[in-house]
Number of protein chains: 2
Amino acid sequence: MICTARSRGFVRVLDILKRAGGRYVSGPSMAAELGISRVAVWKHVRKIRSFGYEVESGRRLGYRLAGGAAGPLPWEILDGLSTRKMGKRIHYFESLDSTQAYALRIAGEKREDGAVVIARRQTAGRGRMGRRWISPHGGVWLSVITRPARGGPNTVLPLAASVALAEAIEAAAGVRPELKWPNDVLVNGGKVAGILVDASVSPGGVDHAVIGVGINLDVKAGEISRRTGRAAASLSDHADAAPAIVREFLSALERATDSLDAGGSAGILSRWTGLSCTVGRNISVETGGGTVRGRALCVDPDGALVLDCNGDRRRVVSGDLVP
Amino acid sequence: MICTARSRGFVRVLDILKRAGGRYVSGPSMAAELGISRVAVWKHVRKIRSFGYEVESGRRLGYRLAGGAAGPLPWEILDGLSTRKMGKRIHYFESLDSTQAYALRIAGEKREDGAVVIARRQTAGRGRMGRRWISPHGGVWLSVITRPARGGPNTVLPLAASVALAEAIEAAAGVRPELKWPNDVLVNGGKVAGILVDASVSPGGVDHAVIGVGINLDVKAGEISRRTGRAAASLSDHADAAPAIVREFLSALERATDSLDAGGSAGILSRWTGLSCTVGRNISVETGGGTVRGRALCVDPDGALVLDCNGDRRRVVSGDLVP
């Protein structure tokens, strides 16, 4: 389903029920307000319930909203979204192989600039380095399509997206995450979210980039840790915050890409460094060319990690931190 | 099917038949040479025939190879391939949604560095800018996985791949193509091949890049022109050259990426310019930000097209040339 600010029928019914603040609204009055039949109202209510909303109905009383629905539902994200472009068009799926694969397929189309692809669960979710990303119901799995204004390529983008995501989680859930190079978002040492960036390369730049985001919002972290062999964490106490986290993330990401488009990455790099649990530590990075050990000094203007290896400065652009 | 230099059973039978130069080889002698049963030899012959090879069999005579098979068959490509890494591992499919999508899924795995994905036909082939790529049986549809040594990003890669492909077509088919910015390979003004480059972006560089190649080798160019609205051409007279074209392409591409890894792009840019039918012409480029008109002056060191627009120099990194 594609959702935009132009509300669909059931969203308009949902809006009326929300406005009523838990009081009953009669079917005929909703039908009159929306210019639709009472049967159409009833069908919309059925659809609203299918997303997990609790709608009570009573003879002669009508309908009332008794409980909200969890998860990154597009109309909840769009409600109050103040971006210029990012997230104004949301492709929503109950289940999808991979939001990143889907976004890459459609990313070349002009109208998809800024579009977001969301799936309630992924059957073949993909992480960095070809790894599987476990994506059950309860998490936030999405991909954002961007088109760099000057054609990029901007290799600071993965760090910019990590900062945007950490700040969104703090703003919407009140939890302050740490960032682990390259693209991990941690809470209490466990990975709660990750970022994946794919780009279509053109001579001299990129046509478009797709930013994949996975947030372990309300998932079983223990099971993910066991299956991946890496410490995972979940934000289960903040399961209701999904739409707010996504909304904040899209706003922060739009500001960040605007600033990268304008040539400004210094602010992003310094915010990344402020949130980082990598810089200043002695670390080991597994790269394609072997393991590099040293003290993480900083990220350079391109986003690469700079290590001091016994007085030797080494620049690392691709790899995994190992314990 | 995954093919490497370590031959599979049916390829070893095929090699014996090829060595015999059209003469009959008895089943028992092949069985003895390969240390397999006669039933196994017969099963291998059946498999060989399934790829389009003509194998005649005669009572008491055995088998003889009466005719080769067309298309980019992996063992034919591997036979004489002199690369260090590129193409040494080939994932081969009779039919696949998209070689690029498949390659992107596996590209993160270390052992896939240099691997090639080939499909005889694609059901959802993808071109630049989210366009559909019509990929019937008879063409060459493949994707190559590369891992830039220093992490790139190298935005000259699409031009390097175009040059490698044009040179491979000239070497193996004796036809000299022209190159149209950004990624088109033309023969007599019609598009015979195209290049698509996707990269996984890491902070400061890329983890890996996937180079997609489509060659209209033995396809109906008229039908493709009609369906895409763009002039297509086919190399139907050179249908037998598929393995040689791919082999030459992989060798040229490995040399080009080695040279980009070593920081040398000047040679590639000058060869691209030499083959270009874009540089020196008055052109219009449709970009995300509108149409840019001017005289194409050159490609800059990053691969971007530089235009002289009434004395104003404009740099274009993403777009389509329009007539």
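Computed from a prediction, not measured in an experiment: that's the story for all the values here. Numbers restart at 1 for each chain; the letters A, B, ... are given by sequence-line order, proteins then strands.
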Hey, could you give me the OG/CZ distance between S98(B) and R105(A), rounded to the nearest 0.5 Å?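 Rounded to the nearest 0.5 Å, the OG-CZ separation comes to 8.5 Å.
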How many angstroms lie between atom OG1 of T287(B) and atom CG of D207(A), to the nearest 0.5 angstrom?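 Spacing of OG1 (T287(B)) from CG (D207(A)) equals 11.0 Å.
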Smallest separation among heavy atoms of V201(B) and N154(A), with atom names: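 Smallest interatomic distance, heavy atoms only, reads CG1-O, 4.4 Å.
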Pair listing, salt bridge (Lys or Arg N to Asp or Glu O under 4.0 Å) test, anchored in residues 280-297 of chain A, at least two apart: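 Pairs touching residues 280-297 of chain A that pass the test: none.
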Using a cut-off of under 4.5 Å for heavy-atom pairs, which of A124(A), A304(A), S200(A), A199(A) has the most such pairs with chain B?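 Counting heavy-atom pairs under 4.5 Å, the top option is A199(A).
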Contact leader toward chain B among V156(A), L104(A), D198(A), where contacts are heavy-atom pairs under 4.5 Å: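 The candidate making the most pairs under 4.5 Å is D198(A).
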Ignoring hydrogens and geometry, is there a side-chain-to-backbone donor-acceptor pair from S202(B) to V317(A) under 3.5 Å?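 Indeed, once roles are kept as given, a pair shorter than 3.5 Å links the two residues.
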[X], part contacting chain A, at a heavy-atom distance under 4.5 Å:
| X | result |
| --- | --- |
| P203(B) | both |
| W181(B) | side chain |
| R131(B) | neither |

Where does N183(A) contact chain B at under 4.5 Å (heavy atoms): side chain, backbone, both or neither?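 The side chain, not the backbone.
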Counting only heavy atoms not in R314(A) (residues, nucleotides, ligands), do more than 12 fall under 6.0 Å from its CZ?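 Counting other residues, nucleotides and ligands, CZ of R314(A) stays at 12 neighbours or fewer.
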Partners of R255(A) by salt bridge (charged side-chain N to carboxylate O under 4.0 Å, His left out), sequence neighbours excluded?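 So R255(A) forms no salt bridge (charged side-chain N to carboxylate O under 4.0 Å, His left out) with any residue.
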